Protein chains: 2
Amino acid sequence: MGVTKSQIFDKEQNELAQLFKVLGHPARIAILQYISTQNACICNDIVEEIGLAQATVSQHLKELKSLGLLQGEIEGKKMCYCINLEVWNDIQLRLNSFFITTKTNCC
Amino acid sequence: MGVTKSQIFDKEQNELAQLFKVLGHPARIAILQYISTQNACICNDIVEEIGLAQATVSQHLKELKSLGLLQGEIEGKKMCYCINLEVWNDIQLRLNSFFITTKTNCC
DNA sequence: AATTAATATCGTAATATTGCGATATTAAGA
DNA sequence: TCTTAATATCGCAATATTACGATATTAATT
């Protein structure tokens, strides 16, 4: 037990859930919001801003990267992260389309 | 360890994350989609449709109810669930506004 | 009153997530 | 070359989530 039974759901359902899931942590919301406040890209300031250990922040960044939502660019020994706007818009559209499609008449 | 450190994030970040989190499971996506295909409200058909144990489905329904997303109406010994359209639209707007606000110029 | 059907809740096992210290790794700078 | 700074990854502990059987609960039906 304890495993999500992905097999019994279809691709769309699993993908949608995965998108929502990655966005379902306040640290990851905070990271995205913080990056968006900076005109230029960010690096280790994220760690200081967020207030979690460096290892933890790195892990959250990894999950955001897994959606393609963040791009990282190496600048010497620093990493510069930014939001991939194309993916961002894609995801927004996808979630919206879920919301629109799933509207229903109530009781 | 293992506890999400909600204290270090603000109300908005925690609430947004919570919304995303509840939607971040394929069974809950499937439940919402299934309810939306029925004109009238649904009951225990959900259990049969989803293919998870009754107890598990009931738990997922509870989480959706925790957002106010589902309304349950008692009809004899059956429960009739439907999507609360007002809350549905609210959440859609809220997530959209997050997506719009968090747009940013990239690297 | 007893039975049955529909649902919720409890308890628990399996697994996943969160968070962090310790440890790589890599590149700039002394 | 040695040091330092920035980041990623590993390993683990604490907690949360997922799933389900068993057991309530409640209302219709017999």
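Chain A is the first sequence line, chain B the second, and so forth, proteins listed ahead of strands; every chain is numbered from 1. Side chains included, hydrogens not; waters and symmetry mates left out as well; all remaining heavy atoms used. No experiment lies behind these values; they were computed from the predicted model shown.
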Separation of [X] atom [atom1] from [N] atom [atom2], in whole Å?
{"X": "A:His60", "N": "C:dT17", "atom1": "NE2", "atom2": "P", "answer": "12 Å"}
{"X": "A:Asp45", "N": "D:dA6", "atom1": "CG", "atom2": "C1'", "answer": "11 Å"}
{"X": "A:Met79", "N": "C:dA28", "atom1": "CE", "atom2": "C1'", "answer": "16 Å"}
{"X": "A:Lys21", "N": "C:dT15", "atom1": "NZ", "atom2": "P", "answer": "15 Å"}
{"X": "B:Leu23", "N": "D:dT18", "atom1": "CG", "atom2": "P", "answer": "12 Å"}
{"X": "A:Glu73", "N": "C:dA27", "atom1": "CD", "atom2": "C1'", "answer": "16 Å"}
{"X": "A:Leu61", "N": "D:dT9", "atom1": "CG", "atom2": "C1'", "answer": "14 Å"}
{"X": "A:Lys62", "N": "C:dA16", "atom1": "NZ", "atom2": "C1'", "answer": "14 Å"}

Given [options], which nucleotide is nearest the side-chain atoms of [X]?
{"X": "A:Thr4", "options": "D:dA16, D:dA19, C:dT15", "answer": "D:dA19"}
{"X": "A:His25", "options": "D:dA8, C:dG19, D:dT15", "answer": "C:dG19"}
{"X": "A:Val3", "options": "D:dA8, C:dG19, C:dA16", "answer": "C:dA16"}

Measure the spacing between [atom1] of [X] and [atom2] of [Y] and express it to the nearest 0.5 Å.
{"X": "B:Cys43", "Y": "B:Asp45", "atom1": "SG", "atom2": "CG", "result": "5.5 Å"}
{"X": "A:Phe98", "Y": "A:Phe20", "atom1": "CZ", "atom2": "CZ", "result": "5.5 Å"}
{"X": "B:Phe9", "Y": "B:Glu15", "atom1": "CZ", "atom2": "CD", "result": "15.0 Å"}

Task: Considering all heavy atoms, the nearest A:Ile100-B:Gln92 contact - done: CG1-NE2, 3.7 Å
Task: Heavy-atom closest pair, residues B:Thr102 and A:Leu32 - done: CG2-O, 3.4 Å
Open item on the list: Under a 3.5 Å distance rule, please check whether B:Trp88 uses its side chain to pair with a backbone N or O of B:Ile83 as donor and acceptor.
Closed with: no
- [ ] Taking B:Gln13 for its side chain and B:Asp10 for its backbone only, find out whether a donor-acceptor pair lies under 3.5 Å.
- [x] yes
Open item on the list: For a quick check of understanding: with a heavy-atom distance under 4.0 Å over all strands, which category does A:Ser58 fall into, base, sugar-phosphate or nothing?
Closed with: base
Open item on the list: Does B:Glu63 reach a base, just sugar-phosphate, or nothing at all? Heavy atoms under 4.0 Å.
Closed with: sugar-phosphate
- [ ] Determine, stepwise, if the pair A:Arg94 / A:Asp90 fulfils side-chain contact (heavy atoms from CB on, under 4.5 Å).
- [x] CA-CA 6 Å; A:Arg94 190 134 184 220; A:Asp90 246 39; over 6 Å; no
- [ ] Please state whether the base of D:dC20 and the side chain of B:Gln59 form at least one donor-acceptor pair under 3.5 Å?
- [x] yes
N/O donor to acceptor pairs below 3.5 angstrom from side-chain atoms of residues 49-62 of chain A, sequence neighbours left out:
from: A:His60; atom 1: ND1; to: A:Arg28; atom 2: NH1; distance (Å): 2.9

Open item on the list: What residues from residues 6-20 of chain A pass a heavy-atom cutoff of under 4.0 Å to DNA chain D?
Closed with: none
Open item on the list: Treating primed atoms plus P, OP1 and OP2 as sugar-phosphate and everything else as base, which nucleotides of nucleotides 21-30 of chain D get B, S or - for protein heavy atoms under 4.0 Å?
Closed with: B-----BS--
Open item on the list: Tell me whether the count of non-hydrogen atoms from other residues, nucleotides or ligands lying under 6.0 Å of CD in A:Gln7 goes above 12.
Closed with: yes
- [ ] Please state whether the phosphate of D:dA6, meaning OP1 or OP2, lies under 4.0 angstrom from any side-chain nitrogen or oxygen of A:Tyr81.
- [x] no
Open item on the list: Here's a test of your reading of the structure: between A:Val47 and A:Lys5, which maps to the more 5' nucleotide of DNA chain D?
Closed with: A:Val47
